[in-house]
Novice: 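Below you'll find the structure I mean.
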Amino acid sequence: MRASFVFSEVLTGLRRNITMTIAMILTTAISLGLLGGGLLIVRTIDKMQDIYYDKVEVAVYLTDEVSANDKECTQQPCAGLRSQIEQTSGVDTVTYENRDQVYERFKQMFQAQPELLDLTRPESLPATIRVKLDDPERSDVLIKAFEGQQGVKKIDDQGTLLSRLFDVLNGVRNGAFAIALVQALAALLLISNTIQVSAYTRRTEVGIMRLVGATRWYTQLPFLIEAVVAGLIGAILAVVGLGLAKTFFLDSALAGPIKSGIIPAVDFLDILYVSPYLFLVAAGISAITGYVTLRMYVRL
Amino acid sequence: MIRLEHVSKVYKTSTRPALDDVSVEVGKGEFVFLIGPSGSGKSTFLRLLLREEVPSKGRVYVSNFDVARMARRRIPRLRQSIGCVFQDFRLLVNKTVAENVAFALEVIGKPRHTIRKVVPEVLQLVGLESKADRMPHELSGGEQQRVAIARAFVNRPLVLLADEPTGNLDPDTSQDIMLLLERISRTGTTILMATHDHSIVDSMRRRVVELSMGRVIRDDARGVYGVGR
């Protein structure tokens with residue numbers, strides 16, 4: 001197999017069909033870009049889970065009666081609740097904060113909003129048992145067991161708030177994947193079509209190649225490589241596009257949440273991390289599409 | 001070199017067989033005219049030898065290839081030992097004469113130094129060494145057919161199939177092409193030429209196999225195109 005021959009065939013093939021080639025590359029790029037975006041969201045969610053799950057707690061708010069009278073959680077029902085919680089499987093640590101401690105924490109959290117602090121009296125805050133779980137996603141067991149028990153006012157799972165945020169992100173991710181899939185289908189059809197057109201415009205060459213006894217690989221490889229090259233160019237564009245989207249859109253749009261640490265920043269390393277997958281998918285899909293097209297639709 | 005044994009070919013779209021129990025044997029270095037009206041089975045005959053078609057019945061041998069039964073992956077080997085020339089030349093319009101000839105070797109993976117050596121040789125054989133860098137459209141019909149013959153012969157095939165090679169040429173040019181084919185025949189290459197050209201067949205006095213309605217109706221060692229036609 002002469003590499004220079006195949007290479008020059010590929011180049012002429014791509015040039016000859018320039019409009020179709022561009023359409024094919026752009027569609028592939030968009031599809032891969034969305035796929036890459038989805039993968040970046042997956043990565044972000046993973047990072048967020050790492051960050052948050054260390055901090056997420058289930059807060060068991062106690063009734064006013066307990067809050068007012070039991071500063072050290074030594075009386076019933078607080079002490080009983082506490083030991084029951086400690087014995088529940090999956091519970092990591094349990095801490096008790098009485099009303100004053102809760103108020104201190106509250107003051108810290110809202111120090112930027114003095115008018116809110118003025119309005120809030122310590123008496124309106126409940127004493128709280130803070131529970132850290134081994135697996136924050138298993139909070140429902142705890143909630144089911146202690147909700148409505150004597151002394152318990154309300155159980156607040158920070159995890160549910162977080163999972164709502166994750167639900168939104170997952171939704172965006174699924175949307176990106178869905179559009180990527182539709183685009184991939186369009187890209188697939190374009191690749192197939194381009195190869196057929198390409199094979200048709202080169203039918204004289206291919207006819208002669210067959211006649212003089214060129215092997216199947218020799219006749220078909222230029223078409224395959226053509227498809228793969230276009231796919232890879234699409235992948236490059238997709239990666240560049242992700243980089244641009246990060247620099248000019250994400251960074252400014254999410255500047256606030258990123259700075260306050262709510263959402264981890266997407267950095268170029270993340271894009272670098274997902275790009276091999278994009279290249280792999282691009283090469284794989286275009287090669288397979290090309291092969292199937294040549295086998296099924298093009299008589300070479 | 002070529003042997004057909006009781007070969008029949010029926011196309012799915014037709015009720016009448018394109019070839020009907022044809023048996024022909026052609027020895028090494030023979031020059032054979034295949035004649036007959038359109039639809040008599042000449043093209044099918046040639047296509048069977050190239051394994052473009054598979055016979056419905058019978059066996060086809062070219063050199064030591066069992067053409068009808070060999071594995072698909074061996075087809076390139078078969079075709080590398082057969083050269084082909086057509087009425088419409090089939091040159092690549094965007095390549096020069098030399099590139100057209102070289103193309104046939106490039107695509108079967110011949111090394112570059114071999115190509116550089118044999119292409120000028122074969123161009124000299126067909127008398128076009130001075131036009132190696134011309135484009136096909138700059139050549140006359142006869143010259144274009146010479147390029148096509150050079151391309152068919154450059155890999156030194158055992159068999160040369162020519163399907164109406166003079167069909168698009170005037171009588172004088174046709175004579176030149178026949179002289180060229182005769183010269184190639186003398187190198188020991190078996191030549192099978194399908195034609196309608198009476199005068200050429202009559203003047204060459206070579207073996208004539210005549211087909212009609214898919215059957216061999218005549219096989220003369222030193223034939224003419226036809227009596228009373």
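We name chains A, B, ... by the order of the sequence lines, and we start the count at 1 in each one. Keep in mind the model is a prediction, meaning the values are calculated, not measured.
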Novice: Considering all heavy atoms of both residues, which atom of B/Pro76 and which atom of A/Gly213 are nearest to each other, and what is their separation?
Specialist: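 Residues B/Pro76 and A/Gly213, closest heavy atoms: CB-O, 3.3 Å.
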Novice: How many angstroms lie between atom CZ of B/Arg73 and atom CH2 of A/Trp217, to the nearest 0.5 angstrom?
Specialist: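 That separation rounds to 15.5 Å.
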Novice: Does the pair A/Arg216 and B/Ile75 meet the rule for a side chain to side chain contact (heavy atoms under 4.5 Å, CB included), with working shown?
Specialist: CA-CA 10 Å; A/Arg216 206 180 175 112; B/Ile75 294 175; over 6 Å; no
Novice: Of all the heavy-atom pairs spanning A/Arg210 and B/Arg79, show the shortest one and how long it is.
Specialist: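 So the two residues come closest at O-CD, 3.1 Å.
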Novice: Report, as yes or no, whether the 6.0 Å neighbourhood of atom OH on B/Tyr61 holds more than 12 heavy atoms from other residues, nucleotides or ligands.
Specialist: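 Buried by this count: over 12 neighbours within 6.0 Å.
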Novice: Using 0.5 Å steps for rounding, measure from the CD atom of A/Glu205 to the NZ atom of B/Lys95.
Specialist: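 Going from the CD atom of A/Glu205 to the NZ atom of B/Lys95 covers 6.5 Å.
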Novice: May I ask you to check whether over 12 heavy atoms, not counting those of A/Tyr273, lie within 6.0 Å of atom OH?
Specialist: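 Check fails, neighbour count at 12 or below.
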Novice: Are more than 12 heavy atoms, taken from residues, nucleotides or ligands other than A/Arg203, located less than 6.0 Å from that residue's CZ atom?
Specialist: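 Count over threshold, so yes.
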Novice: Could you name the residues of residues 82-89 of chain B that have a heavy atom within less than 4.5 Å of a heavy atom in chain A?
Specialist: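 Expected list: B/Ile82, B/Cys84, B/Phe86.
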Novice: Rounded to the nearest 0.5 Å, how far apart are CD of B/Gln80 and CG of A/Leu211?
Specialist: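 CG of A/Leu211 is found 11.5 Å from CD of B/Gln80.
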Novice: Indicate the atoms forming the closest heavy-atom contact of B/Arg90 with A/Ile208, along with that distance.
Specialist: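 Scanning both residues completely, I find the closest heavy atoms to be O-CD1, 3.1 Å.
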Novice: If you take all heavy atoms of A/Ala214 and B/Val107, which pair is closest and at what distance?
Specialist: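 That would be CB-O, 3.2 Å.
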Novice: Might you confirm whether atom CZ of B/Arg74 has over 12 heavy atoms from other residues, nucleotides or ligands at distances under 6.0 Å?
Specialist: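 At most 12 heavy atoms, drawn from other residues, nucleotides or ligands, come within 6.0 Å of this atom.
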Novice: Enumerate the residue pairs fulfilling side chain to side chain donor-acceptor pair (under 3.5 Å) with a member in residues 140-149 of chain B, sequence neighbours excluded, ordered by first and then second residue.
Specialist: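 Non-adjacent pairs meeting side chain to side chain donor-acceptor pair (under 3.5 Å): B/Lys131-B/Glu143, B/Ser140-B/Glu143.
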Novice: Would you indicate whether the side-chain heavy atoms of B/Asn155 and A/Val212 approach each other to under 4.5 Å?
Specialist: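 A/Val212 does not reach B/Asn155 side chain to side chain.
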